[in-house]
Chemist: 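Below is one structure. I have some questions about it.
Order of the sequence lines sets the chain letters (A, B, ...), proteins ahead of strands, with each chain counted from 1. A quick note: this is a predicted structure, and the numbers were derived from the prediction, not measured.
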Amino acid sequence: MPAPDDIVDRGFLEARGKLLEVAAFLDRAERYGRADDYRVAALKQAMRELCDAKQVGRAEAFLRAMSDPTSEPAPQAGKPAAGAWEPKG
Amino acid sequence: MRYIEPHAHMVSRVTDDYERLVLAGCRAVCEPAFWAGFDRSSPQGFYDYYLQLTEYEPRRAAKYHLPHFCWLCINPKEAEDVGFAREVMALIPEFLPKDNVLGIGEIGLNKNTRSELRILEEHIDLAAQHDQLILVHTPHLEDKLKGTRLILSALQSDSRIKPERVIIDHVEEHTVREVLDAGFWAGITLYPVSKCTPARAADILEMHGRERLWVNSACDWGPSDPLAVPKLAMELRARGFSEAELDDFLFKNPCRFLSQCDKFNVTE
Ligand SMILES: [Zn+2]
């Protein structure tokens with residue numbers, strides 16, 4: 001296993017860059033009037049939950065938060081997977 | 001370094017990719033039947049595809065001395081029309097005795113529909129009848145968790161299916177534990193955006209161990225990287241994995257699973 005310091009050295013700048021991209025994406029979506037898109041809303045909700053998470057397992061929690069929570073097979077195929085679950089209004 | 005690429009759609013790749021795989025240390029490539037990026041309009045289209053997987057691709061790979069194996073099925077994305085899917089499935093038994101066929105795959109679910117589930121169950125039955133290994137595709141993105149659970153229950157409700165003869169592919173952090181705990185093999189797919197990165201795959205390995213786990217590039221016609229597995233090896237080295245551990249995970253693990261089919265004759 002690498003030393004604990006090394007794991008941060010190796011990953012920090014990349015993680016920082018990716019989070020900055022997320023921040024810019026959310027700004028961009030709002031600037032274009034798409035703040036209420038279900039995918040944008042799902043991303044914001046997931047980010048709130050990640051900040052609250054006290055324990056490890058954030059990647060798993062993020063994926064669960066973006067997942068279809070239902071359990072019955074669908075009557076037919078709808079639109080292709082988009083990356084976030086859209087609650088039926 | 002030597003490794004097995006257990007999931008690659010070589011029909012969609014250029015011949016140079018075979019050379020690059022071999023140069024990177026690949027000792028065998030395995031190709032599940034999949035969706036070609038468009039819906040085929042007739043069972044004859046699938047017949048030709050099965051010929052391509054069992055005759056043409058092994059010859060193309062052999063020019064680079066790379067053993068090529070394949071899996072056969074109609075993929076879930078084309079299983080929405082149950083009647084059509086059954087016509088295609090009726091072609092499969094003719095191809096199962098071919099030298100490079102390892103089993104039935106990649107079956108599974110795409111949008112978790114009733115029709116997909118029915119065809120999945122019929123594929124499981126086909127595999128059981130012909131005593132074949134099974135390779136399962138799990139759905140994409142938000143559909144993966146629900147689909148993985150539906151797939152697990154379909155497999156578990158057929159008492160003829162032995163979990164150690166089934167690999168459930170494209171697991172991520174939220175599905176890997178349920179698959180392994182049920183006794184199945186699990187596959188991690190390395191994709192640039194929509195599946196696992198090398199760093200996350202290494203995390204999964206650190207947290208869940210490498211028993212009954214393999215990794216693949218699933219390279220196809222979309223954004224994907226045929227050299228994703230050797231790139232994961234670089235990440236694992238940086239995490240302190242030894243060369244013996246890399247060999248055990250990237251070469252021996254796929255061999256352990258695939259050698260359950262006599263035709264997989266890749267040796268040490
Ligand atoms: Zn595939």
Chemist: Report, in residue-number order, which members of residues 194-210 of chain B are under 4.5 Å from chain A by heavy-atom distance.
Modeler: B:R200, B:E206

Chemist: Nearest heavy-atom pair of B:D143 and A:A81: which atoms, and what distance?
Modeler: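 Looking at all heavy atoms of both residues, the shortest contact is OD2-CB, 3.5 Å.
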
Chemist: Could you pull out the closest heavy-atom pair between B:E80 and A:P75, with the gap in Å?
Modeler: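 Heavy atoms of B:E80 and A:P75 come nearest at OE2-O, 4.4 Å.
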
Chemist: Quick one: which residue pairs count as a salt bridge (charged side-chain N to carboxylate O under 4.0 Å, His left out) with a foot in residues 16-28 of chain A, not counting sequence neighbours?
Modeler: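 As it turns out, the salt bridge (charged side-chain N to carboxylate O under 4.0 Å, His left out) pairs with a partner in residues 16-28 of chain A, which skip direct neighbours, are A:E14-A:K18.
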
Chemist: Sort by residue number and list every member of residues 211-236 of chain B having a non-hydrogen atom under 4.5 Å from chain A.
Modeler: B:E235

Chemist: Could you state the interatomic distance from CZ (B:R114) to CD (A:E72), rounded to the nearest 0.5 Å?
Modeler: 8.0 Å

Chemist: Return yes if some donor-acceptor pair links the side-chain N/O of B:E142 with the main-chain N/O of A:A82 below 3.5 Å, else return no.
Modeler: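 The answer is yes, because a donor-acceptor pair under 3.5 Å joins these two groups.
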
Chemist: What residues of residues 179-187 of chain B sit under 4.5 Å from chain A when only non-hydrogen atoms are counted?
Modeler: none

Chemist: Using non-hydrogen atoms only, which part of A:A77 is less than 4.5 Å away from chain B: side chain, backbone, both, or neither?
Modeler: both

Chemist: Please identify, among B:L117, B:L145, B:T175, the residue contributing the most non-hydrogen atom pairs under 4.5 Å to chain A.
Modeler: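 The option with the most such pairs is B:L145.
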
Chemist: Does any backbone or side-chain atom of A:P69 lie under 4.5 Å from a heavy atom of chain B? Answer side chain, backbone, both or neither.
Modeler: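 Interface part for A:P69: neither.
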
Chemist: Working to the nearest 0.5 Å, report the span between CD of B:E172 and CD of A:E60.
Modeler: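 Nearest 0.5 Å value for the CD-CD distance: 11.5 Å.
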
Chemist: Take B:H174 and A:M66 through the test side chain to side chain contact (heavy atoms under 4.5 Å, CB included) and record every step on the way to the result.
Modeler: CA-CA 11 Å; B:H174 57 327; A:M66 305 303 270; over 6 Å; no

Chemist: Roughly how far apart are A:Q76 CD and B:K111 NZ, rounded to 0.5 Å?
Modeler: 11.5 Å

Chemist: Distance-only, no hydrogens or angles: does the B:K146 side chain make a donor-acceptor pair with backbone N or O of A:P73 under 3.5 Å?
Modeler: no

